[in-house]
Engineer: 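Let me begin by handing over the structure; questions about it come next.
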Amino acid sequence: MFKILLIDRCHFTRAGFEAWLNHSGLFPGNYVVTGLNNLFLAREHILQWKPTLVIADLNGFRQDIHPVQQIASLLKACETQPFILLQSGDERETAETLGAFPVWSSLLKKTDLDTLAAVINDALTSCASIEIPHVAAPLLTRQEEKVLNMWMDGASNKKIASYLSINGKTVYTYKRNIRMKLHMDTRFSPFLSPQEVEN
């Protein structure tokens with residue numbers, strides 16, 4: 001079973017890409033596709049979930065706090081996996097960051113689907129000799145991902161509970177489970193740059 005991690009800020013791109021990968025019939029084998037819109041969570045997925053292939057549009061993350069450090073940390077985590085960069089905007093800063101890291105392929109986001117499918121198939125074929133586990137489970141549950149995204153956006157426990165229609169104590173439990181799964185030392189870990197976390 002191939003595990004593909006898709007990193008993109010746009011929900012519609014992630015949803016469409018997941019549907020295309022799973023239902024187009026262009027790719028041999030079985031797939032688990034996880035789409036994420038958070039660089040911190042993507043890095044942890046790469047380190048612990050160990051995807052076969054990482055596909056990312058990093059342009060949408062340029063407005064984040066410490067984007068260059070977060071992108072570099074993400075790329076360092078996926079040095080052993082094929083990495084396909086989809087470019088949707090001015091990628092000068094991203095290109096400078098990528099200079100030190102291997103990229104399987106760099107394509108414009110508007111590249112036709114046949115070309116993209118060929119590049120993905122090539123990347124997956126290169127990994128076919130690697131022993132791939134038969135069971136692949138996502139690192140966080142969908143509900144935990146929702147809690148983490150709202151938490152990263154600065155929402156209070158009360159607001160998260162109200163939005164997700166759950167109890168405030170349940171939000172606390174979700175946050176504790178997220179910290180344990182992602183090996184966070186404190187509740188402030190998601191908001192620190194990689195340098196601040198190491199110190």
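These numbers come from the heavy atoms of this one structure, side chains and all, not from hydrogens, waters or symmetry mates. Just so it is clear, the structure is predicted and the values come from calculations on it, not from any experiment.
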Engineer: If you look at every heavy atom in Trp104 and Val119, which pair is closest and at what distance?
Structural biologist: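 It is NE1-O, 3.8 Å.
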Engineer: Which of these, Asn37, Ile55, Asp57, Val54, sits in a side chain to side chain contact (heavy atoms under 4.5 Å, CB included) with Ile7?
Structural biologist: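 That would be Val54.
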Engineer: Any donor-acceptor pair under 3.5 Å linking the side chain of Asn167 with the backbone of Lys169?
Structural biologist: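 Yes; judged by distance alone, with no hydrogens or angles, the pair exists.
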Engineer: Please report the interatomic distance CG(Asp8) to CG(Leu86), rounded to the nearest 0.5 Å.
Structural biologist: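 One finds 7.5 Å between CG of Asp8 and CG of Leu86.
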Engineer: With a 4.5 Å cut-off on side-chain heavy atoms, are Glu145 and Asn38 touching?
Structural biologist: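 No. Closest side-chain heavy atoms not under 4.5 Å.
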Engineer: Report the residue from Leu107, Asn59, Leu58 that forms a side chain to side chain contact (heavy atoms under 4.5 Å, CB included) with Leu85.
Structural biologist: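 Only one option passes, and that is Leu58.
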Engineer: Taking a hydrophobic cluster as the set of Ile, Leu, Val, Met, Phe, Trp and Tyr residues connected by side-chain heavy atoms closer than 4.5 Å, whether directly or through intermediates, do Tyr172 and Val147 fall within one such cluster?
Structural biologist: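 No, it is not one cluster - the side chains of Tyr172 and Val147 are not joined through contacts under 4.5 Å.
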Engineer: Just how far is it from atom CG of Leu6 to atom CH2 of Trp20, taken to the nearest 0.5 Å?
Structural biologist: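 Leu6 CG to Trp20 CH2: 10.5 Å, rounded to 0.5 Å.
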Engineer: Any idea which heavy atoms bring Lys175 and Ile160 closest together, and the distance?
Structural biologist: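 Result for this residue pair: CE-CD1, 4.1 Å.
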Engineer: Working to the nearest 0.5 Å, report the span between OG of Ser105 and CG of Leu116.
Structural biologist: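 One finds 8.5 Å between OG of Ser105 and CG of Leu116.
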Engineer: I need the Tyr174 OH to Ile166 CD1 distance, nearest 0.5 Å.
Structural biologist: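 One finds 5.5 Å between OH of Tyr174 and CD1 of Ile166.
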Engineer: Using the side-chain hydrogen bond (donor to acceptor under 3.5 Å, both in side chains) criterion, which residues pair with Ser162? Sequence neighbours excluded.
Structural biologist: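 Not a single residue meets the side-chain hydrogen bond (donor to acceptor under 3.5 Å, both in side chains) criterion with Ser162.
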Engineer: Would you mind reporting whether Trp49 and Val32 have side-chain heavy atoms less than 4.5 Å apart?
Structural biologist: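 They are in contact (side-chain heavy atoms under 4.5 Å apart), so the answer is yes.
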Engineer: Out of curiosity, does Leu108 fall in the hydrophobic cluster containing Ile120 (side-chain heavy atoms, cut-off under 4.5 Å, transitive links)?
Structural biologist: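 No; Leu108 is not reachable from Ile120 via cluster members.
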Engineer: Using the salt bridge (charged side-chain N to carboxylate O under 4.0 Å, His left out) rule, collect all pairs that involve residues 39-56, keeping only residues at least two apart or in two chains.
Structural biologist: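 Not a single pair qualifies under salt bridge (charged side-chain N to carboxylate O under 4.0 Å, His left out).
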Engineer: How many angstroms lie between CG in Leu148 and CD in Gln143, if you round to the nearest 0.5 Å?
Structural biologist: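 Going from CG on Leu148 over to CD on Gln143, the span is 12.5 Å.
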Engineer: With sequence neighbours left out, write down each residue that passes salt bridge (Lys or Arg N to Asp or Glu O under 4.0 Å) with Glu144, or none if nothing qualifies.
Structural biologist: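 So Glu144 forms a salt bridge (Lys or Arg N to Asp or Glu O under 4.0 Å) with Lys181.
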Engineer: Is there a path of hydrophobic side-chain contacts, each under 4.5 Å between heavy atoms, that joins Leu164 and Leu41?
Structural biologist: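 Yes: a chain of side-chain contacts under 4.5 Å links Leu164 to Leu41.
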Engineer: Could you tell me which non-hydrogen atom of Pro51 sits nearest to which non-hydrogen atom of His45, and how far apart they are?
Structural biologist: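 Heavy-atom minimum between the residues: CD-O, 3.8 Å.
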Engineer: Going from CE on Met150 to CG on Asn157, what distance comes out if it is rounded to the nearest 0.5 angstrom?
Structural biologist: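 Between Met150 CE and Asn157 CG, I get 10.5 Å after rounding to 0.5 Å.
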Engineer: Using a 3.5 Å distance criterion without hydrogens, assess whether the side chain of Thr52 forms a donor-acceptor pair with backbone atoms of Lys3.
Structural biologist: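 Looks like yes, one N/O pair under 3.5 Å.
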